[in-house]
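Everything on this sheet refers to the single structure shown next.
Since the structure is predicted, the reported quantities are computational estimates derived from the model, not experimental observations.
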Amino acid sequence: MTAPAICATVTAETMEELRARRDAVEGADLVELRLDGVQAPDVAGALQGRRVGVIVTCRPEWEGGRFAGSEEERARLLRQALDLGAEWVDLEWRGKFDALVADRGGRNIVLSSHDFDRTPGDLESRYAAMRATGADVVKLAVTPHSGDELRRLRRLGPGEGRHVLIGMGQTGVPSRVLPGRFGSAWTYAGNAVAPGQISLDRLIERFRFPRITESTPVFGVAGSPIGHSLSPAMHNAGLGALGLDAVYLPFQAKDAEDLLRLADDLSVQGLSVTAPFKEGVLPLADQLDPVAARVGAVNTLRRVGEGWEGRNTDVSGFLAPLARYGTLAGLRATVLGAGGAARGVAVGLSERGARVSLCARRAERAEEVAALVEGEAVPFPPEPGSWDLLVNTTPIG
């Protein structure tokens, strides 16, 4: 199978600006020229002087675009793009372009369907109907809200003919960085033209997209939400500096079970685990290190054969910078929060001799963690002067 290409999407309000942005693209195999949003679209001008192949798109408002003119005018622009030799023209499945697709024998046509809210219930039948039109490429862009929905999108390929399968939003990021695992002919890059879209610079520099192959090991950080995490930037930089063939992605899922089904489906080799999955993945691990078992939370999953080994490095990582202060015996330590990170912090402090108290909005959760280390649960927020060391493990940070 040919390695997936990168298509850089460019938008503008004037033709001059659109051509300038088209010509400024470096590192992409294709450029998508979005004529919707251009004040006076000129198809010939958009195509003239192009250095790489283009996809001409004129997306109507009813399909998430910016073209507010008549359907007749839009159809005229798209037909003209085909007549003038555009490498590709994007036609909406719901746009009633059946006659044009048939006239062209499907050649040079990307037939697309978008759902910006959900993964549609008729996903499979929709794909089959689009495929049956004979269009050269079928493009489905939907919004998954779970790993299972992303897996459902992935199961549409491989098959007859070429396609592009995109999961929009944060949950769909793996489909953008790993298009080959979804059988996609290309991935789109751009400045948030669609939800979850990754800029061309980030795709190439952070995720080192051109180097990703079918055999590239996949790692990542898992949480919900996870879009704010700096881990992909740091770990991909480290992998690059070491010259390792691997990529590190953000994974968002509905729950721990959903997460691991997706990780198994994409053959993920290891995960950094953050809120809210640290406790949920614990019973799903096939092996646990002693610290994870003691804490009752996992922050690292490593692939072992067909299963997972769960580890906890929160404890050692938290205690390392406190070593310079010597003993913690008798220190009054209050921990804010009662999740997986709080459990690791509480265990580490307790084992170093601190007097640990837990403080959380949900009192019952604080009591549960306090019991783990023979500490106490105190009201939220803690009284001023009641602690020597305050540790914030809440998502607020």
Quiz item: If you take all heavy atoms of Phe207 and Asn236, which pair is closest and at what distance?
Solution: CD2-ND2, 3.6 Å
Practice problem: Mind checking salt bridge (Lys or Arg N to Asp or Glu O under 4.0 Å) for Asp83 and listing every partner two or more places apart, or none if nothing turns up? | Solution: none
Exercise. State yes or no: do Val273 and Tyr248 share one hydrophobic cluster built from I, L, V, M, F, W and Y residues joined by side-chain heavy-atom distances below 4.5 Å, directly or via other members?
Key: no
Quiz item: From Phe277 CZ over to Ile226 CD1, what is the distance, rounded to the nearest 0.5 angstrom?
Solution: 8.5 Å
Exercise. Taking all heavy atoms of Ala8 and all of Val25, pick out the closest pair and write down the distance.
Key: CB-CG1, 3.8 Å
Exercise. For Arg22 and Val31, work out which heavy atoms get closest and say how close.
Key: CG-CG1, 4.2 Å
Self-check item: Output field: ring centroids His163/Phe182 closer than 6.0 Å
Solution: no
Quiz item: What are the two closest non-hydrogen atoms of Thr187 and Pro179, and how far apart are they?
Solution: CB-CG, 3.9 Å
Exercise. List the steps and the verdict of side chain to side chain donor-acceptor pair (under 3.5 Å) for Ser231 and Ser272.
Key: CA-CA 9 Å; Ser231 291; Ser272 308; 5.7 Å; no
Self-check item: Distance in Å, Leu30 CG paired with Arg50 CZ, rounded so as to fall on 0.5 Å steps
Solution: 11.0 Å
Quiz prompt | Atom pair CD (Glu63) and CG (Asp90), whose distance is rounded to the nearest 0.5 Å | solution = 8.5 Å
Quiz item: Does the side chain of Val89 come within less than 4.5 Å of Leu78's, by heavy atoms?
Solution: yes
Quiz item: Should we say atom CD of Glu26 is surrounded by more than 12 heavy atoms from elsewhere, each under 6.0 Å from it?
Solution: no
Quiz prompt | Mutual orientation of the aromatic rings belonging to Phe116 and His114 [parallel < 30°, tilted 30-60°, perpendicular > 60°] | solution = parallel
Exercise. Would you give the length of the straight line joining atom OG1 of Thr216 to atom CG of Leu244, rounded to the nearest 0.5 angstrom?
Key: 11.5 Å
Practice problem: Using a cut-off of 6.0 Å, state whether more than 12 heavy atoms not belonging to Arg332 lie near its atom CZ. | Solution: yes
Quiz item: Tell me, which pairs form a side chain to side chain donor-acceptor pair (under 3.5 Å) where one or both residues lie in residues 295-304, sequence neighbours left out?
Solution: Asp264-Arg303, Asn299-Thr313, Asn299-Asp314, Arg302-Glu309
